[in-house]
Amino acid sequence: MNGEEIKICCIGAGYVGGPTMAKIAEKCPEIVVTIVDISAARIEQWNSDVLPIYEPGLDDVVKKCRGRNLFFTEEVDKGIREATIIFVAVNTPTKKIGIGAGRAADLTYWELAARRIAAVADTPKIVVEKSTVPIKTAEAISSVLHAAGRTSFSVLSNPEFLAEGTAMDDLEHPDRVLIGGPLTEAGATAIERLSQVYAHWVPQERIIKTNVWSSELSKLVANSFLAQRVSSINAVSAICEASGADVDEVARAVGMDTRIGHKFLKASVGFGGSCFQKDILNLVYLCQSMGLSEVAEYFHWVVKMNDLQKERFVSRIIHGLFNTVTGKRIALLGFAFKKDTGDTRESAAIEVCQRLMQERAEIAIYDPKVEHEQIWYDLSEVTGLEQSQIEKYVKIEGSVQAAAKDAHALVVTTEWDEFKTVDYRKVYQQMSKPAFLFDGRNILDREELHSIGFVTYSIGKPLDTKLNTV
Ligand SMILES: NC(=O)c1ccc[n+]([C@@H]2O[C@H](COP(=O)([O-])OP(=O)(O)OC[C@H]3O[C@@H](n4cnc5c(N)ncnc54)[C@H](O)[C@@H]3O)[C@@H](O)[C@H]2O)c1
Ligand SMILES: O=c1ccn([C@@H]2O[C@H](COP(=O)(O)OP(=O)(O)O[C@H]3O[C@H](CO)[C@@H](O)[C@H](O)[C@H]3O)[C@@H](O)[C@H]2O)c(=O)[nH]1
């Protein structure tokens, strides 16, 4: 296949498929990139003026390339047939039922995509795992593909490391591109072919070529390490609150050790997002299946610590508000799992909201990007209630000011920049007194809020003497 024209098809037009393929299309104008998806609605949105995902810088790239060498279509079979390289970027959520439920990755969508490729491909293909998958998935997928016996396939692992909110920049300047392939001549040729695509803009020394299993495992380990740092600093935040130390000062001092570094040491209400918890649980399950129960338990604590952090935050709110939030209006600022995305998957805000609903609080939510339907959907999923029942407790508002009206407390759950520039003096005036502020992201100026009159709580900071803690 070497030297032949490259034509790319990507199966899965989601948070990974959309941005990664848009970047490839931008950087490789001679390569035709087609993104296919079984969701007609999603494809329609990708072809419209309002893209299905919010990601800074994405609109410009899509508008520049769409119709030139970037295409979105429901025609999955055609896309597969015409491509020489097929990326698979379908979702791989945690299994909900059956063996490994609650931990193992659900590979149903992956297998369906592979079976479709096996059924329709009639010329040699390089199949690239872009989704995050357990070790040995490439091997299993290879057997599905080869069992069809219609043509030859090389299966490569090429995990994606982009983070939401910074995806376009991460894709433009990746720390590394990882390509794993079989240790055969055909494998080496396929790796070379895929690396030619990235070489359009990624320096050679940043393209790592390795074997498939190391590549698959590296993705799970990278996310586990990142999440572990967040859980570590969150564990430290509990020590800080108990001892009067300041978590940001500790993070600054510790992070200045170049062996440790500053990044990913921001204490918070807890990590969210579609990947961290899912990928750690996947690693835990793999360890358990290999008989490595202590190793499994070690990584499992990263998730358990995250759950504890969310619960600790909710307890601070309830205790702070004199041990009852029943009937009290609470303004929840932010619903996305981090700033600069409309994604709410595993967002800490969902759990905070659910717990406050259990306590019969009235919640007023404001998020600058999350769609209202998404909020209703998430709350229905987590509570098992219909939207009409949830509406008895929850309102969605259009600004911080509107959410804060008559509220007893402001609760910051996402670190949106616009929350930093709000006039909190005005906000304070229209709140019930005493007015509380629980900053789950440590983005607001405590001293200033204190001088306005707020009783404040920030993660891992010395406790406000007016905050009820018992
Ligand atoms: N979201 C991230 O930031 C991120 C980053 C790195 C890696 N990943 C991994 O990438 C994978 C995809 O994640 P995502 O966030 O893009 O998911 P997503 O849910 O946003 O997108 C997946 C898309 O695949 C489509 N799909 C599912 N089965 C299909 C099939 N058989 N044929 C055609 N289309 C199909 C779905 O309709 C959906 O549009 C996951 O394995 C995830 O762990 C995600
Ligand atoms: O110091 C920190 C850093 C992050 N977070 C939280 O951790 C979660 C995850 O953040 P981030 O990693 O920035 O976003 P993701 O889009 O989930 O990206 C992670 O997951 C992706 C999917 O696998 C990987 O590709 C990325 O490399 C990896 O960073 C969010 O809730 C953040 O608010 C903190 O609380 N403190």
Side-chain angles (χ1 to χ4, degrees), residues 9-21 35-43 45-46 52-53 55 72-77 79-80 87-94 105-117 129-134 137 158-167 170-171 174-176 219-220 222-227 229-234 237 247 251 255 262-280 282 306 309-310 334 336-341 343-349 413-415 440-442 459:
C9 169
C10 175
I11 304 181
Y15 284 88
V16 167
T20 49
M21 293 304 123
I35 312 184
V36 299
D37 202 291
I38 40 172
S39 162
R42 220 165 202 192
I43 290 297
Q45 284 176 302
W46 278 110
I53 64 174
E55 192 61 61
F72 296 90
T73 167
E74 281 172 74
E75 293 182 278
V76 178
D77 291 359
I80 292 172
F87 286 85
V88 183
V90 299
N91 36 330
T92 50
T94 305
D106 179 352
L107 295 176
T108 312
Y109 303 104
W110 227 110
E111 191 175 331
L112 280 174
R115 288 190 184 277
R116 204 63 230 146
I117 298 171
E129 279 179 354
K130 202 44 152 166
S131 305
T132 305
V133 290
T137 302
N158 173 219
E160 184 48 58
F161 295 100
L162 68 80
E164 288 177 29
T166 54
D170 295 340
L171 289 165
D175 285 346
R176 77 307 210 181
K219 174 64 196 177
L220 299 183
N223 271 355
S224 302
F225 276 31
L226 289 169
R229 279 174 74 91
V230 179
S231 277
S232 294
I233 200 68
N234 282 344
S237 75
V247 73
H262 287 293
K263 293 182 182 168
F264 266 74
L265 287 182
K266 187 77 189 154
S268 66
V269 52
F271 61 73
S274 63
C275 297
F276 279 0
Q277 175 165 309
K278 158 177 88 70
D279 294 351
I280 295 168
N282 188 346
N306 198 48
Q309 186 73 352
K310 287 182 268 187
F337 81 95
K338 63 187 278 197
K339 72 170 181 176
D340 291 339
T341 177
D343 195 351
T344 60
R345 290 177 289 181
E346 303 296 339
S347 176
T413 33
T414 312
E415 72 281 24
R441 294 294 184 165
N442 290 359
I459 307 270

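In each ligand, atom 1 is the first atom listed, and ligand 1 is the first ligand listed. If you're wondering where the values come from, they're calculated on a predicted model, not measured in any experiment. These values consider heavy atoms only, across backbone and side chains, with no hydrogens, waters or symmetry-generated copies.
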Determine, considering heavy atoms only, which of [options] sits nearest to [atom].
atom                    : options                        : value
atom 12 (C) of ligand 1 : Ile38, Leu220, Val90           : Val90
atom 36 (N) of ligand 2 : Arg345, Lys266, His262, Lys219 : Lys266
atom 8 (C) of ligand 2  : Cys275, Gly165, Gly272         : Gly272
atom 27 (C) of ligand 1 : Leu107, Ile35, Asn91           : Asn91
atom 13 (O) of ligand 1 : Val88, Ile53, Asn223, Val16    : Val16
atom 36 (C) of ligand 1 : Thr341, Asp37, Asp343          : Asp37

Within the 4.0 Å heavy-atom shell around [X], which atoms of ligand 1 are there?
X      : result
Ile11  : 32 (N), 33 (C), 34 (N)
Ala89  : 12 (C), 22 (C)
Ser274 : 1 (N)
Glu160 : 6 (C), 7 (C)
Ser131 : 10 (O), 11 (C), 41 (O)

Exercise. Check whether any heavy atom of Lys278 sits under 4.0 Å from an atom of ligand 1.
Key: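 It does, in that a heavy atom of Lys278 comes within the 4.0 Å cut-off of ligand 1.
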Quiz item: Quick one: does Val76 get a heavy atom under 4.0 Å from ligand 1?
Solution: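 No, Val76 has no heavy atom closer than 4.0 Å to ligand 1.
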How far is [atom] from its nearest protein heavy atom, and which residue and atom is that?
atom                    : answer
atom 27 (O) of ligand 2 : Phe161 O, 2.7 Å
atom 25 (O) of ligand 2 : Leu162 O, 2.7 Å
atom 18 (P) of ligand 1 : Arg42 NH1, 3.6 Å
atom 7 (O) of ligand 2  : Phe271 CB, 3.3 Å
atom 1 (N) of ligand 1  : Glu164 OE2, 2.9 Å
atom 9 (C) of ligand 1  : Thr132 OG1, 3.5 Å
atom 19 (C) of ligand 2 : Phe276 CE1, 3.4 Å
atom 5 (N) of ligand 2  : Val230 CG2, 4.0 Å
atom 4 (C) of ligand 2  : Phe264 CE2, 3.6 Å
atom 17 (O) of ligand 1 : Arg345 NH1, 3.7 Å
atom 29 (O) of ligand 2 : Leu226 CD1, 3.7 Å

Which ligand 2 atoms are under 4.0 Å away from a heavy-atom of [X]?
X      : value
Lys338 : 11 (P), 13 (O), 14 (O), 33 (O)
Glu160 : 25 (O)
Glu164 : 16 (O)
Ala163 : 14 (O), 16 (O), 18 (O), 29 (O)
Ser268 : 34 (C), 35 (O)

Quiz item: Trp46 vs Phe72 aromatic rings, parallel, tilted or perpendicular, using cut-offs 30° and 60°?
Solution: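 Judged by the thresholds at 30° and 60°, the geometry between Trp46 and Phe72 is parallel.
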Self-check item: Arg176 charged N/C atom sitting above Phe161 aromatic ring, 6.0 Å / 45°
Solution: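 Judged by the rule (NZ or CZ under 6.0 Å from the ring centre, within 45° of its axis), Arg176 counts as positioned above Phe161.
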Pairs of nitrogen or oxygen atoms closer than 3.5 Å, one from [X] and one from ligand 1: do any exist?
X      : result
Thr92  : yes
Ala163 : no
Lys219 : no
Asp279 : no

What's the shortest heavy-atom distance between [X] and [Y], and which atoms?
X      : Y      : value
Ile43  : Ile35  : CD1-O, 3.9 Å
Ser268 : Arg441 : CB-NH1, 3.8 Å
Trp110 : Val133 : NE1-CG1, 3.4 Å
Gly270 : Asn234 : CA-ND2, 4.0 Å
Ser237 : Ala267 : CB-CB, 4.2 Å

Just let me know how [X] lines up against ligand 2, side chain, backbone, both or neither, with a heavy-atom cut-off below 4.0 Å.
X      : value
Arg441 : side chain
Lys263 : neither
Asn223 : side chain
Thr341 : neither

If you measure from each non-hydrogen atom of [X] to ligand 1, which part falls under 4.0 Å: side chain, backbone, both or neither?
X      : value
Ala167 : neither
Arg115 : neither
Val133 : neither

Donor-acceptor pair, side chain of [X] and main chain of [Y], under 3.5 angstrom:
X      : Y      : answer
Asn223 : Phe276 : no
Thr73  : Val36  : no
Thr414 : Ala336 : yes
Thr92  : Thr132 : yes
Glu55  : Ala167 : yes
Lys130 : Asn158 : yes

Practice problem: Give a yes-or-no answer on whether the side chains of Asp37 and Ser39 include a donor-acceptor pair shorter than 3.5 Å. | Solution: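 Side chains of Asp37 and Ser39: no pair found under 3.5 Å.
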Quiz item: Quick one: do the Ser131 and Glu160 side chains pair a donor with an acceptor below 3.5 Å?
Solution: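 No, no side-chain donor-acceptor contact under 3.5 Å.
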Quiz item: From Thr94 OG1 over to Asp106 CG, what is the distance, rounded to the nearest 0.5 angstrom?
Solution: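 The CG atom of Asp106 is 9.0 Å from OG1 of Thr94, to the nearest 0.5 Å.
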Quiz item: Atom CG in Leu220, atom CZ in Phe225: separation rounded to 0.5 Å?
Solution: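 So the CG of Leu220 and the CZ of Phe225 are separated by 12.0 Å.
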Quiz item: Could you go step by step and tell me if Glu164 and Lys339 meet the salt bridge (charged side-chain N to carboxylate O under 4.0 Å, His left out) rule?
Solution: CA-CA 9 Å; Glu164 288 177 29; Lys339 72 170 181 176; over 6 Å; no
Quiz prompt | Contact check: Phe337 vs ligand 2, nitrogen or oxygen atoms, below 3.5 angstrom | solution =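 Yes, there is a polar N/O contact under 3.5 Å.
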Quiz item: Applying a strict 4.0 Å limit to heavy atoms, is Thr132 in contact with ligand 2?
Solution: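 No heavy atom of Thr132 comes that close to ligand 2.
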